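Predicted model, so just to flag it, every value in this text is computed and none were measured. Per chain, numbering begins at 1; letters A, B, ... match sequence-line order.
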Amino acid sequence: MITAYASHPTTHPSALELFRHMLRFPTTPRPNHFIFPHVLKSCYESRSTGLVHAQIIKSGFEQYPVVQTALVDSYSRVLGGLRCTRMVFDELFERNVVCFITMVSGYARVGDVDNALRLFNEMEERDVPCWNALIAGCTQNGLFNQGIELFRRMVGVAFDREGEGQCKNKPNQVTVVCALSACGHTGMLQLGRWIHGYIYKSGFMLNSFVSNALVDMYGKCGRLGQARKVFEINPEKGLTSWNSMINSLALHRRSDGSIAIFEEMVEHASSVRPDEVTFIGLLNACTHGGLVDQGYYYFEMMIREYGIEPQIEHYGCLIDLLGRAGRFDEAIEVVKGMSMEPDEVVWGSLLNGCKVHGRNDLAEFTAKKLVEFDPHNGGYGIMLANIYGELGKWDEVFEAEKDL
DNA sequence: TGCTGAACCC
């Protein structure tokens, strides 16, 4: 029962509750080494890893490799728990591939790619998930070029030594999903195409993750027809499939196409429901098409029909939309009505609109906000100085440049 | 017991 509850995040509290019950009542069987990894999984959200750790020591299971690896994993998912994670990892008697990956992923999760790489290099044997963990660590932290370099290295190691087809460490679905994401972000269409061919030859196209990653890669590289083709033949279009297609079209200013896909998505209400990401893409489409009223309409729809609380990203889109259309009074009203503090993107969008429409007075106010936000960013200071120049405020130009 | 995708300004 604990195992069942531990398999899904929503039932994790129940798994922990049952575990406590087990401990409280002497008539129930004692926890064994099999149950602890599941219990540790249930600790991810509740930060109770330490308590379970104590229980493991009490029960005498702290030297079981599987339990140890589960401990490393559990600690590595607690915010700020990396020091504990490394301590447990350093005390391991026998370090197998699995605990190395767990530690590598722990580093990657907090953005410490250097240490992840260091550990990866210390490993004597590397399997496919090892490479995947490191490549994913790079792409998840925005190091796309580094991720691609690793992918190339992996492919080199896999194909150069032995004949194709029988070699070890061939990229799998997980690998290509990460690599395709990196291709999209860096615009590496050629490599992306090569990966598509590789997927086809390997015959693992059935996975929805892979299909979505292809849609995203082709979309970001501007091959909307290809993106659409891959999207259409995916028999199990999930939320991300729709979102990726909507986003791809929005990104390349195909507003009508993007909105059409959204409308089609709404028709598939029985299998999929738009989420906050959907509306970011949709609002983005409206912005690029200058469709102010439709933008408003969808913003309202998101709140009323779908009960989605607007995030700062949605406000960013809406303000961008209004700013580009020169509707500054409304844009300022939206900023005032926001339930959170505006961020750099919000002010940046507004400033962009001001520049397009020559509203230097408002631009001055907005640029000041940006400088306040990030005083060490010289770019904002330069923008402010330029605006003062436009306004003929030469003393302020001097002041602004002094601070750069 | 380990590794997977999408998102606001320029």
Quick check on [N]: is either OP1 or OP2 less than 4.0 Å from any side-chain nitrogen or oxygen of [X]?
X: Lys369(A); N: dC9(B); value: no
X: Arg324(A); N: dC10(B); value: yes
X: Lys237(A); N: dA6(B); value: no
X: Ser248(A); N: dA6(B); value: no

>> For a quick check, tell me whether the side chain of Asp127(A) and the base of dG2(B) share a donor-acceptor pair closer than 3.5 Å.
In response: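 When only heavy-atom distances are counted, Asp127(A) does reach the base of dG2(B) through a donor-acceptor pair under 3.5 Å.
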Select base, sugar-phosphate, or nothing to describe what [X] touches, counting heavy atoms under 4.0 Å on all strands.
X: Val104(A); result: nothing
X: Thr240(A); result: base
X: Ile312(A); result: base
X: Ala213(A); result: nothing

Given [options], the nucleotide with the shortest approach to the side chain of [X]:
X: Pro129(A); options: dG2(B), dC8(B), dT4(B); result: dG2(B)
X: Val98(A); options: dA6(B), dC9(B), dG2(B); result: dG2(B)
X: Cys178(A); options: dG2(B), dT4(B), dC9(B); result: dT4(B)
X: Asp275(A); options: dC3(B), dA6(B), dC8(B); result: dA6(B)
X: Asn243(A); options: dA6(B), dC9(B), dT1(B); result: dA6(B)
X: Gln140(A); options: dT4(B), dC3(B), dC9(B); result: dT4(B)
X: Asn207(A); options: dG2(B), dA6(B), dT4(B); result: dT4(B)
X: Arg77(A); options: dC3(B), dA6(B), dC9(B); result: dC3(B)
X: His185(A); options: dG2(B), dA7(B), dT1(B); result: dA7(B)
X: Val174(A); options: dT1(B), dA6(B), dT4(B); result: dT4(B)

Starting from [atom2] on [N], measure out to [atom1] on [X] and report it in whole angstrom.
X: Leu282(A); N: dC8(B); atom1: CG; atom2: P; result: 13 Å
X: His288(A); N: dC9(B); atom1: NE2; atom2: P; result: 6 Å
X: Asn247(A); N: dA6(B); atom1: CG; atom2: P; result: 10 Å
X: Ile261(A); N: dA6(B); atom1: CD1; atom2: C1'; result: 15 Å
X: Ile35(A); N: dT1(B); atom1: CD1; atom2: P; result: 10 Å
X: His33(A); N: dT1(B); atom1: NE2; atom2: P; result: 12 Å
X: Met265(A); N: dA7(B); atom1: CE; atom2: P; result: 15 Å
X: Met302(A); N: dA7(B); atom1: CE; atom2: P; result: 17 Å

> Can you list the steps and then say if Phe151(A) with Trp131(A) is a ring pair (Phe, Tyr, Trp, His ring centres under 6.0 Å)?
Replying inline: CA-CA 8 Å; Phe151(A) 176 72; Trp131(A) 286 95; 9.7 Å; no
> Can you say whether the rings of Phe36(A) and Phe19(A) are parallel (under 30°), tilted (30 to 60°) or perpendicular (over 60°)?
Replying inline: perpendicular
> Got a second to check how far Ile303(A)'s CD1 is from Glu309(A)'s CD, nearest 0.5 Å?
Replying inline: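 So the gap between those two atoms works out to 7.5 Å.
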> Between Met301(A), Gln311(A), Glu313(A), which is the residue that forms a side chain to side chain contact (heavy atoms under 4.5 Å, CB included) with Phe279(A)?
Replying inline: Met301(A)
> Strictly by modelled atom types, are Asp216(A) and Asn247(A) linked by a side-chain donor-acceptor pair under 3.5 Å?
Replying inline: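 Per modelled atom types, Asp216(A) and Asn247(A) side chains form no pair under 3.5 Å.
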> Taking the side chain from Ser258(A) and the backbone from Ile246(A), do they hold a donor-acceptor pair closer than 3.5 Å?
Replying inline: yes
